[in-house]
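Before any comments, here is the structure.
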Amino acid sequence: MSLPDPAGLREEARAWLEEALSGEFAHARGLGGPGREHEGHELRQAWERHLGKAGWTCLGWPERYGGRAASLEDQVAFYEEYARADAPARVGHIGEGLIGPTILEFGTDEQKDRFLPPIQRGEELWCQGYSEPEAGSDLANVQTKAHLEGGEWVITGQKVWTSLAHVADWCFVLCRTEPGSQRHRGLSYLLVPMEQPGVVVRPIVQLTGTSEFNEVFFDGARTAAGNILGAPGDGWRVAMATLGHERGASTLGQQIGFRRELAKVIETARSTGAIDDPVLRDRLVRSWLELEVMRLNALRMLRPDPGPEASPEVSIAKLYWSEWHRRLGELAQAVQGRAGLVARTEEGELNELQRLYLFSRADTIYAGSSEIQRNIIAERTLGLPR
């Protein structure tokens, strides 16, 4: 299964990326990504602005907000070329891929005019305020609260595992705005500035030694009364729509990154002689086949209108790629042999495959654990009892 190849945009993107990554941004190639978000942040943020100025961000957005109103085929072509060029990991992907489409769907004209252009230009970065200590995969148990006071929402509570909160300008926060409400009812979806006295960000040190995840504490933080997406109390519907955008065209680019990692694992297996082990060789072949299935399934799921809520397809995709990537991390350790158990320096510096192994442990936990994804598939798709 494949999409029609928009050769014109693909060639344009390939030529532009080759030129752009050969000059002042040559050192940006390959920087960033899961477990490596600390790499070259300032350079990558400058790259984000460069992308926006050249019209290579938010391709599917209306032209009014800086996009190209590009088709899915064009978007897939760009993300594939971006990944093939080894361009740096995007620092603005939460803005472009999650909150931007949600604002397009639920925002007022005033909100669209205020928030979308800075995202497109790479000038404002976003983070996602969903998970809490008692509301991780069980998102409906959100306890962060907000109330209106003097024309502003006042927010109190804690979020956790907030990716890139330490560099974000804004956070979209799911919180409880109706006292006494429970589960899915009484939630609202607020847009909250991060640079204010009522917001404290604390990094969480990971197995890799890096800290792209954070705790975020709201202690009387404020945002304007108009910074709410949808109606008060309708936050669950808006939040689910945001999750629905996670299966966008960019996932095809993500898989090219996966392909690059698999190629590195195979190369290492050849250099260490692990390729001669029939069991390991079988695991390598299986990993390649499963990656092909992942791509075909992603193409099958793509459609112009993702619908108002996340469908079970999102859970199928998340379960599949996260479990596959964790197995790839385990395979990355296996092909290194005993050398994979030793850090490169006394300070604990990791090589690429060691980092892959350690960080991929998080894949089956964040954005909804595998257990929760299986429950969603069982109940919503198969009709099994809770």
Hydrophobic cluster membership, with links at side-chain heavy-atom distances under 4.5 Å among I/L/V/M/F/W/Y: are [X] and [Y] in one?
| X | Y | result |
| --- | --- | --- |
| Met194 | Val91 | no |
| Tyr357 | Val342 | no |
| Val192 | Val201 | yes |
| Leu350 | Leu207 | yes |
| Tyr79 | Leu31 | yes |

Non-hydrogen side-chain atoms of [X] and [Y] separated by less than 4.5 Å:
| X | Y | result |
| --- | --- | --- |
| Leu356 | Glu261 | yes |
| Arg68 | Asp74 | no |
| Leu291 | Arg259 | yes |
| Tyr130 | Val142 | no |
| Cys175 | Leu190 | yes |

Would you give the length of the straight line joining atom [atom1] of [X] to atom [atom2] of [Y], rounded to the nearest 0.5 angstrom?
| X | Y | atom1 | atom2 | result |
| --- | --- | --- | --- | --- |
| Cys58 | Glu96 | SG | CD | 4.0 Å |
| Leu328 | Leu353 | CG | CG | 8.5 Å |
| Ile228 | Ser188 | CD1 | OG | 4.0 Å |
| Ile204 | Asn214 | CD1 | CG | 6.5 Å |
| His93 | Ile119 | NE2 | CD1 | 12.5 Å |

Report task. Specify whether Trp126 and Phe172 have parallel, tilted or perpendicular ring planes, treating 30° as the upper limit for parallel and 60° as the lower limit for perpendicular. Result -> tilted
Ion pair check, [X] and [Y], cut-off under 4.0 Å:
| X | Y | answer |
| --- | --- | --- |
| Glu352 | Arg355 | no |
| Arg49 | Glu123 | no |
| Arg286 | Glu292 | no |
| Glu330 | Arg361 | yes |

Report task. Begin with the C-alpha distance, continue with both residues' side-chain angles, and end with the deciding distance and a verdict on side-chain hydrogen bond (donor to acceptor under 3.5 Å, both in side chains) for Thr268 and Gln336. Result -> CA-CA 7 Å; Thr268 302; Gln336 294 178 86; over 6 Å; no
Report task. I would like to know whether Leu280 and Ile275 meet side chain to side chain contact (heavy atoms under 4.5 Å, CB included); could you show each step before the answer? Result -> CA-CA 7 Å; Leu280 285 178; Ile275 196 77; over 6 Å; no
Quick one: do the [X] and [Y] side chains pair a donor with an acceptor below 3.5 Å?
| X | Y | value |
| --- | --- | --- |
| Gln158 | Glu215 | yes |
| Ser181 | Arg176 | yes |
| Ser322 | Thr364 | no |

Query raised in the report: Can you name the nearest heavy-atom pair linking Lys159 to Phe218, along with the distance?
Result: CG-CE1, 3.8 Å
Query raised in the report: In chain order, what residues pass the side chain to side chain donor-acceptor pair (under 3.5 Å) check against Glu39, with sequence neighbours excluded?
Result: Arg36
Query - Results of ring pair (Phe, Tyr, Trp, His ring centres under 6.0 Å) for Phe25 - residues two or more places apart only - result: Trp47, His50
Requested in this report: Return each pair, listed once, that meets ring-ring contact (aromatic ring centres under 6.0 Å, His included) where at least one residue sits in residues 323-345; pairs must be two or more places apart or across chains.
Outcome: Phe258-Trp324, Phe258-His325
Query raised in the report: Within 45° of the ring axis of Trp321 and under 6.0 Å from its six-membered ring centre, is that where the NZ or CZ of Lys318 lies?
Result: yes
Query raised in the report: Would Arg202 count as a cation-pi partner of Phe217, with NZ or CZ less than 6.0 Å from the six-membered ring centre and within 45° of the ring normal?
Result: yes
Requested in this report: Return yes when atom NZ of Lys112 has more than 12 non-hydrogen atoms of other residues, nucleotides or ligands closer than 6.0 Å, and no otherwise.
Outcome: yes
Report task. Take atom CG of Asp219 as the centre, draw a 6.0 Å sphere, and report whether it contains more than 12 heavy atoms from other residues, nucleotides or ligands. Result -> no
Query raised in the report: Step by step, would you call Trp236 with Tyr189 a ring pair (Phe, Tyr, Trp, His ring centres under 6.0 Å)?
Result: CA-CA 8 Å; Trp236 183 260; Tyr189 192 110; over 10 Å; no
Query raised in the report: What do the steps show when you test Leu125 against Gln45 for side chain to side chain contact (heavy atoms under 4.5 Å, CB included), and what is the final call?
Result: CA-CA 9 Å; Leu125 304 181; Gln45 190 159 7; 3.8 Å; yes
Requested in this report: For side chain to side chain contact (heavy atoms under 4.5 Å, CB included), just list the numbers for Lys53 and Arg121, CA-CA rounded to whole Å, side-chain angles, deciding distance to a tenth of an Å, and then say yes or no.
Outcome: CA-CA 6 Å; Lys53 186 176 181 180; Arg121 294 192 299 262; over 6 Å; no
Query raised in the report: Should Glu323 and Ser370 be marked as a side-chain hydrogen bond (donor to acceptor under 3.5 Å, both in side chains) after you check the CA-CA gap, both sets of side-chain angles, and the distance that decides it?
Result: CA-CA 8 Å; Glu323 294 285 346; Ser370 291; 2.7 Å; yes
